[in-house]
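Right, one structure below, let's go through it.
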Amino acid sequence: MAFKATVLTLYPEMFPGHLGSSLSGRALERGLWQIETVQIRDFAEDRHRTVDDTPAGGGAGMVLRPDILAKAIDSVAASGDHRPRFLMSPRGTPLTQEKVRRIAEGEGAVIVCGRFEGVDQRVIEARELEEVSIGDYILSGGEPAALILLDAVVRVLPGVMGNDLSGQHESFETGLLEHPHYTRPQEWEGRSIPAVLTSGNHRAIEKWRHEQALALTQQRRPELLSSEDPYAELLGVKNARKRVEK
Ligand code: SAH
């Protein structure tokens with residue numbers, strides 16, 4: 001069965017958004033994944049179709065009401081629906097490639113997009129929503145965050161990437177940032193492609209790429225490095241890591 005995403009939002013017109021183009025768009029057309037949206041506002045009960053109210057305890061902004069959101073969730077996630085339920089939230093667990101892979105192995109996902117100041121805490125608890133963040137910054141709504149989560153998930157679904165191998169050396173998949181890439185022309189503005197890459201020596205190329213990935217990770221994201229890497233000592237990475245930890 002294809003991976004099925006159900007997105008609860010006040011702005012269903014934002015979907016599938018960019019996921020309707022390119023790789024994910026073709027995969028959608030081919031039925032490799034599905035997306036449906038639910039308009040949270042359809043579950044409001046008053047004449048003005050109100051979904052939010054002022055925060056208890058005072059303060060700026062508005063909060064999504066628990067009763068209305070719960071009804072929207074219950075309308076899609078019937079008993080027997082084992083898909084995980086996510087709430088996009090800057091307070092959530094940061095999304096990682098490992099998490100993306102795990103989501104992609106499942107049947108799909110129910111994703112709630114917050115708006116305003118956020119969502120009433122009680123519905124997060126009562127409907128067991130797992131809060132997921134896409135980074136340490138504040139968006140105006142959960143929709144772009146949901147699109148990013150789905151983008152990352154869809155590209156690792158079986159059959160979506162043209163060349164299934166091309167996912168495996170990427171940043172984070174190996175625990176490291178990826179090595180630099182080059183392509184023709186051989187010479188460009190006085191810069192040439194590193195000679196090893198055109199040497200035809202595949203072992204030397206692998207070694208060079210790995211060293212580059214390590215050096216780049218050490219420079220930019222030292223917290224990602226594991227000192228177990230056989231090349232780490234060679235590059236003084238262990239010592240660099242100790243310096244960072246101090
Ligand atoms: N007052 C909240 C921010 C609300 S932003 C706080 O300080 O934590 C409005 C909505 O945008 C949130 O409910 C959430 O759904 C979404 N959002 C904002 N930033 C996000 C992020 N970094 N990751 C995931 N969702 C985010």
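Counting starts at 1 for both ligands and their atoms, following the listed order. Since the model is a prediction, treat every value here as computed from it, not as a measurement. Sequential numbering from 1 along the given sequence is applied to the chain's residues.
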(request) Would you mind checking which non-hydrogen protein atom is closest to atom 7 (O) of ligand 1, with the distance to 0.1 Å? (result) I138 CD1, 4.2 Å

(request) Could you say whether the N/O atoms of G135 and ligand 1 ever approach to under 3.5 Å? (result) yes

(message) Determine whether a donor-acceptor pair (N or O, by modelled atom type, separation under 3.5 Å) exists between the side chain of R41 and the backbone of R49.
(response) yes

(request) Number the atoms of ligand 1 from 1 as they appear, then name those within less than 4.0 Å of a heavy atom of F116, with their elements. (result) 4 (C), 5 (S), 9 (C)

(message) For a side-chain contact (heavy atoms from CB on, under 4.5 Å) check, start with the C-alpha distance between Y182 and L197, then their side-chain angles and the critical distance, and finish with the verdict.
(response) CA-CA 9 Å; Y182 296 88; L197 295 180; 3.5 Å; yes

(request) Could you tell me whether a side-chain N or O of T217 sits under 3.5 Å from a main-chain N or O of L177, the two making a donor and an acceptor? (result) yes

(message) Any nitrogen or oxygen of A145, side chain or backbone, less than 3.5 Å from one on ligand 1?
(response) no

(message) I need the nearest protein heavy-atom contact for atom 19 (N) of ligand 1: residue, atom name and distance, please.
(response) L139 N, 3.0 Å

(request) Check each heavy atom of P90 against ligand 1 and say whether those closer than 4.0 Å belong to the side chain, the backbone, both or neither. (result) both

(message) Tell me the protein heavy atom at minimum distance from atom 13 (O) of ligand 1, and give that distance in Å.
(response) G114 CA, 3.4 Å

(message) Quick test of your reading of the model: are E170 and R155 salt-bridged, counting only N-O distances below 4.0 Å?
(response) yes

(message) Among all protein heavy atoms in this structure, tell me which lies nearest to atom 25 (N) of ligand 1, with the distance rounded to 0.1 Å.
(response) S89 N, 3.2 Å

(request) Would you kindly specify which portion of V119 sits under 4.0 Å from ligand 1, judged on non-hydrogen atoms: side chain, backbone, both or neither? (result) neither

(request) Can you sort out which atoms of ligand 1 are near G118, meaning under 4.0 Å from one of its heavy atoms? (result) 13 (O)

(request) Please report which non-hydrogen protein atom sits nearest to atom 15 (O) of ligand 1, along with the residue it belongs to and the distance in Å to one decimal place. (result) M88 O, 2.6 Å

(message) With a 3.5 Å distance limit and no angle check, can you tell me whether W33 reaches the backbone of S24 through a side-chain donor-acceptor pair?
(response) yes

(message) Can you report which non-hydrogen protein atom sits closest to atom 2 (C) of ligand 1, along with the distance?
(response) E117 O, 3.3 Å

(request) Decide if atom CG of D136 counts as having more than 12 heavy atoms of other residues, nucleotides or ligands within a radius under 6.0 Å. (result) no

(message) Using a 4.0 Å cutoff against the non-hydrogen atoms of Y137, which atoms of ligand 1 qualify?
(response) 19 (N), 21 (C), 22 (N)

(message) Using salt bridge (Lys or Arg N to Asp or Glu O under 4.0 Å), reason through R85 and E131 one step at a time and then give a plain yes or no.
(response) CA-CA 9 Å; R85 299 168 182 172; E131 294 181 71; over 6 Å; no

(message) Does R209 form a salt bridge (Lys or Arg N to Asp or Glu O under 4.0 Å) with E211? I'd like the steps, not just the answer.
(response) CA-CA 5 Å; R209 285 182 168 163; E211 285 167 359; over 6 Å; no

Identify all side-chain donor-acceptor contacts of residues 102-124 below 3.5 Å with residues at least two apart in sequence or on another chain.
residue : atom : partner : partner atom : Å
R115    : NE   : E143    : OE1          : 3.1
R115    : NH2  : E143    : OE1          : 2.9
D120    : OD1  : R122    : N            : 2.8
D120    : OD1  : R122    : NE           : 3.0
D120    : OD2  : R122    : NH2          : 2.8
Q121    : OE1  : R91     : NH2          : 3.3
Q121    : NE2  : E125    : OE2          : 3.1

(message) I'd like to check the ring pair (Phe, Tyr, Trp, His ring centres under 6.0 Å) partners of H181; sequence neighbours left out, ordered by chain and number.
(response) H179

(message) Only heavy atoms of I134, strictly under 4.0 Å: list the atoms of ligand 1 that pass.
(response) 23 (N), 24 (C)

(message) Distance under 4.0 Å to a non-hydrogen atom of V132: what atoms of ligand 1 satisfy this?
(response) 24 (C)

(request) Determine, using heavy atoms of L64 and all atoms of ligand 1, whether some pair is separated by less than 4.0 Å. (result) no

